[in-house]
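Letters go in sequence order (proteins before strands), and every chain restarts at 1.
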Protein chains: 2
Amino acid sequence: MTTSMDELDREILNILRRDARTPYTEIAEEVGTSEGTVRNRVERMTEDDVIERFTVATRTGNVKAMIEIGVAMDVETTQISERMADWTEVDFVWQVSGEEDVVLVVDCADTQGVNDLITQAREMEEVVSTKTRLILDERLG
Amino acid sequence: MTTSMDELDREILNILRRDARTPYTEIAEEVGTSEGTVRNRVERMTEDDVIERFTVATRTGNVKAMIEIGVAMDVETTQISERMADWTEVDFVWQVSGEEDVVLVVDCADTQGVNDLITQAREMEEVVSTKTRLILDERLG
DNA sequence: CTTGATGATTACGAAATTCGTAACGAAGCT
DNA sequence: AGCTTCGTTACGAATTTCGTAATCATCAAG
């Protein structure tokens, strides 16, 4: 069950992280193998959930932010997370260790949009605290 | 200059966020338009940086974490960010407002890997503090 | 009301990519 | 050697993307 990725997998993944639309043929050429092999590897990694999904990184608005949320002791954070993941403008919902329990990563049209989300979170009775950080700059690994 | 996204753009984007490999033809059918229109819209959104890039969400390791990093007052955080973005296992580097200045989102093979990154950060003389949160669960908006 | 202009949408053949599948090749084991 | 397994390669078929020209809608001006 221990799916060991080799160097080839890692190379393919790095290319896809940069541009997930790179054709298999082009990746193959770049890493020195055939289209079929790249296809097999990508399919296997997808199967193994090394690749969770193909997606787009967006900046629909001008303001990204992290909203750290503390919830009451006795609350099931999973349910809260699910509900928040349905909110528009929310990119990620993380359950985390540390002081707060849930972190939202959001992408809003403006600061007002961020504020609305914070308000929306605060209005949930399970939520006991929020702390917001604006994301001033983002770069990808 | 005011790039106003309409409802159609938003619908297309939502489909792509779920699965960026959905063919234009399929998206078109789903939102009730033609392949060409979807293509135009996606091209325009890419051009306008509403879509920053096509990418893959990965979980190469077992442990994801946020590492919050405080740097010395007089330091240029941009340079630090650039250097950290080059570290393997780092997905995002954010410059943020709030107590700490930089947040790393990382995806490591194990907790040891997370620890190594923290150590690596602490060894930079500009870094004055770190605080780590493990990401116990992630869901996408 | 007609005319023109602008911008988006549709249509459609050509090029490129993905896909299914069978053949091939390299270990590892009996 | 013979057999099995797993990954790689090969190649034609199906699908998707792409380039481009025609069509349509909106709006302002004459």
Side-chain angles (χ1 to χ4, degrees), chain A residues 1-62 88-89 91 107 109-110 140, chain B residues 1-62 88-89 91 107-110 140-141:
Chain A
M1 182 80 255
T2 313
T3 307
S4 55
M5 289 177 42
D6 60 12
E7 194 51 40
L8 181 56
D9 284 334
R10 244 176 288 275
E11 284 185 76
I12 293 170
L13 216 47
N14 279 333
I15 292 170
L16 289 178
R17 282 157 56 94
R18 259 68 181 183
D19 180 6
R21 287 177 138 189
T22 315
Y24 289 152
T25 48
E26 194 178 318
I27 298 174
E29 191 177 5
E30 209 161 322
V31 303
T33 184
S34 67
E35 178 272 329
T37 295
V38 175
R39 176 152 44 110
N40 284 339
R41 297 304 190 100
V42 171
E43 273 167 9
R44 185 151 58 80
M45 286 192 281
T46 304
E47 184 61 36
D48 294 345
D49 280 329
V50 170
I51 295 175
E52 291 177 328
R53 69 167 70 180
F54 285 75
T55 187
V56 288
T58 59
R59 178 173 285 271
T60 58
N62 295 310
T88 53
E89 303 182 309
D91 283 355
D107 175 12
D110 47 36
L140 305 161
Chain B
M1 175 85 239
T2 312
T3 306
S4 54
M5 287 179 40
D6 60 11
E7 194 50 40
L8 181 56
D9 284 334
R10 245 176 286 277
E11 283 184 78
I12 293 170
L13 216 46
N14 279 334
I15 293 170
L16 289 177
R17 281 158 56 94
R18 259 66 182 185
D19 180 6
R21 296 219 275 193
T22 315
Y24 290 153
T25 48
E26 195 178 318
I27 297 174
E29 192 177 5
E30 210 162 321
V31 303
T33 184
S34 67
E35 177 271 331
T37 295
V38 175
R39 176 153 42 112
N40 285 339
R41 298 304 191 101
V42 171
E43 272 167 10
R44 185 151 57 80
M45 288 192 280
T46 303
E47 184 62 36
D48 295 344
D49 280 328
V50 170
I51 296 175
E52 291 178 327
R53 68 167 69 181
F54 286 74
T55 186
V56 288
T58 59
R59 178 173 285 270
T60 59
N62 295 310
T88 54
E89 303 181 308
D91 283 355
D107 175 11
C108 296
D110 48 35
L140 305 165

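For the pair B:Arg41 CZ and C:dT9 P, the interatomic distance rounds to 4 Å; values are reported in whole Å. Distance CG (A:Asp19) to C1' (D:dT17): 14 Å, rounded to an integer number of Å. Here the P atom of nucleotide D:dC6 and the CZ atom of A:Arg44 are 11 Å apart, to the nearest Å. The distance from atom CG of A:Asp48 to atom P of D:dC6 is 14 Å, rounded to the nearest whole Å. In this structure, B:Leu8 atom CG and D:dA25 atom P are separated by 17 Å, rounded to whole Å. Rounded to whole Å, the distance from CG on A:Leu16 to P on C:dT18 is 10 Å. Look at CE on A:Met45: it is 13 Å from P on D:dG7, rounded to the nearest Å.
Because its NZ or CZ atom is not both nearer than 6.0 Å to the ring centre of A:Tyr24 and within 45° of the ring axis, A:Arg39 does not count as a cation-pi partner of that residue.
Near DNA chain C, defined here as any heavy-atom distance below 4.0 Å, the residues from residues 21-40 of chain B are B:Thr33, B:Ser34, B:Gly36, B:Thr37, B:Asn40, listed numerically.
For A:Glu29, the CD atom counts as loosely surrounded, since its 6.0 Å shell holds 12 or fewer non-hydrogen atoms of other residues, nucleotides or ligands.
Every residue two or more places apart in sequence or in another chain was checked for a salt bridge (Lys or Arg N to Asp or Glu O under 4.0 Å) with B:Glu26, and none qualifies.
Of the possible donor and acceptor atoms, one in the side chain of B:Asp107 sits under 3.5 Å from a partner among the backbone N and O of B:Gly61.
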- side-chain contact (heavy atoms from CB on, under 4.5 Å) between A:Leu16 and A:Ile27: does it pass, once the steps are laid out? CA-CA 9 Å; A:Leu16 289 178; A:Ile27 298 174; 3.8 Å; yes

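The pair A:Arg41-A:Asp6 meets the salt-bridge criterion, with a side-chain N (NZ, NE, NH1 or NH2) lying under 4.0 Å from an Asp/Glu carboxylate O.
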